[in-house]
Protein chains: 2
Amino acid sequence: MQPDISVVAGLIGDRARSRMLLALMSGKALTATELALDADITAQTASVHLAKLTEAGLLRFSKQGRHKYFRLSHADVAQLLENLLNITAGAIEPDIHTGPADAELRLARVCYDHMAGELGVALFQALKQHGLVTNSPDAPEMTEKGQIFFADVGFKADLRAGKRPVCRNCLDWSERRDHLAGQLGQWILNPKTKESFRFIIF
Amino acid sequence: MQPDISVVAGLIGDRARSRMLLALMSGKALTATELALDADITAQTASVHLAKLTEAGLLRFSKQGRHKYFRLSHADVAQLLENLLNITAGAIEPDIHTGPADAELRLARVCYDHMAGELGVALFQALKQHGLVTNSPDAPEMTEKGQIFFADVGFKADLRAGKRPVCRNCLDWSERRDHLAGQLGQWILNPKTKESFRFIIF
DNA sequence: AGCATGCTTCGTCCAACAACGAAGCATGCA
DNA sequence: TGCATGCTTCGTTGTTGGACGAAGCATGCT
């Protein structure tokens with residue numbers, strides 16, 4: 001037997017739950033009430049939704065005092081959501097008149113743990129243009145120059161098998177062009193080194 | 001506003017519909033009744049399910065006589081399903097006792113339009129070992145040697161922007177290791193050239 | 001023409017489940 | 001020790017939608 005897709009899909013297939021999941025795509029951990037507000041439902045219903053999502057392994061939480069902070073359990077989940085976004089965004093191709101709130105979202109947003117939107121796409125372009133990652137039709141890869149550059153500013157890739165790829169291209173649902181995901185994408189958004197670090201590549 | 005994920009997810013989130021979609025992951029086009037049998041439902045219910053799936057853009061069909069052949073509308077959809085398979089397969093990690101029917105499925109199967117299962121993984125290994133595609137931690141890429149080799153046997157990549165990548169790695173839900181997808185993966189399973197063509201790389 | 005096959009439409013029934021009010025636990029703060 | 005805040009559990013209600021029988025409409029075969 002194949003695994004049963006329908007349970008996970010069914011969980012996402014609810015308006016309130018999907019909104020909560022998308023809210024967590026920002027990468028920030030949010031409390032149950034914040035998520036309830038975002039999904040426009042009461043705290044009670046949010047509670048059972050969140051319980052289901054965590055039990056299914058899509059979310060994990062950490063308690064802090066009387067607050068319960070939820071986040072996506074894994075990058076896989078974010079990728080799945082991104083995948084869904086792309087498919088549905090592609091379906092409504094003739095993009096309906098987009099408001100100003102949209103414009104902001106399209107300019108810059110965070111896609112789980114890396115940068116997306118116009119800015120994310122531009123950054124990716126710049127990295128390729130400066131030869132730090134390859135400009136391949138498939139997935140990007142760090143060039144030698146890139147390895148030196150990023151090692152120099154403190155980036156350390158985890159090359160063990162089973163880990164997420166260092167570079168991954170991620171199709172932007174708003175821009176319909178790639179931006180950079182993977183370990184490097186995450187690190188650029190949130191470098192772990194203390195030393196100040198600036199891109200002067202634009 | 002972000003696109004509404006929940007409609008597509010909700011469509012997949014039904015047992016019968018998900019089974020039909022997975023049946024179409026074989027890459028073969030199937031008739032409505034075949035899909036109904038596979039999903040263990042009557043023809044009537046299958047009809048409305050299939051109508052919903054096509055209207056949402058997940059399926060497309062072609063009529064041949066009194067038969068209606070359905071297939072996945074696009075490689076994107078297959079990728080989404082594969083994504084879901086991986087997440088749910090990962091969740092039930094301690095793999096429950098698998099029957100003999102499973103063993104067959106694990107040995108060799110088709111993942112939408114390319115080879116998967118043990119055989120798919122082995123093929124991918126061989127391609128890397130013989131230096132036809134790169135053995136990078138991220139996505140594979142054709143080597144020069146590979147470009148010559150595959151051009152020689154009639155493979156022609158479509159490098160236009162917006163097309164699917166030439167090489168893509170695809171995590172196998174049964175093997176938990178990568179196999180080869182993308183244009184090359186598709187072509188290997190189903191080369192368009194008439195000339196006979198054999199891999200002697202095992 | 002007649003019949004079989006494949007798919008669809010209609011009407012009805014039934015189960016699943018999202019939603020909320022109300023009440024109940026915790027935790028933190030004064 | 002109170003009180004406020006955040007989250008959960010319970011019971012109820014209402015709606016959604018999946019399922020099938022029956023009938024209808026095409027298409028193809030003889």
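In this text, all values refer to a predicted model and were calculated from it rather than measured experimentally. Throughout, a chain's letter reflects where its sequence line sits, starting with A, and its residues are numbered from 1.
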Of Asp40(A) and Gly65(A), whose closest DNA chain C nucleotide lies nearer the 5' terminus?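 Checking each residue's closest nucleotide, the 5'-ward one belongs to Asp40(A).
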Kindly point out which of [options] is positioned nearest to the side chain of [X]?
X        : options                   : answer
Thr42(B) : dC20(D), dG21(C), dC29(D) : dC20(D)
Ala16(A) : dA19(C), dA19(D), dG6(C)  : dA19(C)
Ala32(A) : dT8(C), dG18(D), dC7(D)   : dC7(D)
Ile41(B) : dT8(C), dA19(D), dG18(D)  : dA19(D)
Arg66(A) : dT27(C), dC20(C), dC29(D) : dT27(C)
Gln44(B) : dT9(D), dC20(D), dC7(C)   : dC20(D)
Ser47(B) : dA18(C), dT9(C), dG6(C)   : dT9(C)

May I have the distance from [X] (atom [atom1]) to [N] (atom [atom2]), rounded to whole angstrom?
X        : N       : atom1 : atom2 : answer
Leu35(A) : dT8(D)  : CG    : P     : 11 Å
Tyr69(A) : dT27(C) : OH    : C1'   : 14 Å
Lys63(B) : dC7(C)  : NZ    : P     : 9 Å
Leu30(A) : dC7(D)  : CG    : C1'   : 16 Å

Checking Thr31(A) against Glu34(A): is there a side-chain donor and acceptor pair closer than 3.5 Å?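 Checked: Glu34(A)/Thr31(A) side chains pair up, N/O donor to acceptor below 3.5 Å.
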Taking only N and O in the side chain of Thr33(B), is any of them less than 4.0 Å away from OP1 or OP2 of dC7(C)?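 Indeed, a polar side-chain atom of Thr33(B) lies that close.
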On the nucleotide dC20(D), are OP1 or OP2 found under 4.0 Å from the side-chain N or O atoms that Thr45(B) carries?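 Affirmative; the distance criterion is met.
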side-chain contact (heavy atoms from CB on, under 4.5 Å) assessment of Leu72(A) paired with Leu58(A): CA-CA 6 Å; Leu72(A) 300 185; Leu58(A) 296 180; over 6 Å; no
Could you work out how much the helix from dA1(C)-dT30(D) to dA30(C)-dT1(D) bends, comparing the axis of its first five pairs with that of its last five, to 10°?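 That helix gives 30° between its end axes.
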Set of residues satisfying side-chain contact (heavy atoms from CB on, under 4.5 Å) with respect to Ser6(B), sequence neighbours excluded: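 Partners of Ser6(B) by the side-chain contact (heavy atoms from CB on, under 4.5 Å) criterion, ordered by chain and then number, come out as Arg15(A), Ser18(A), Asp4(B).
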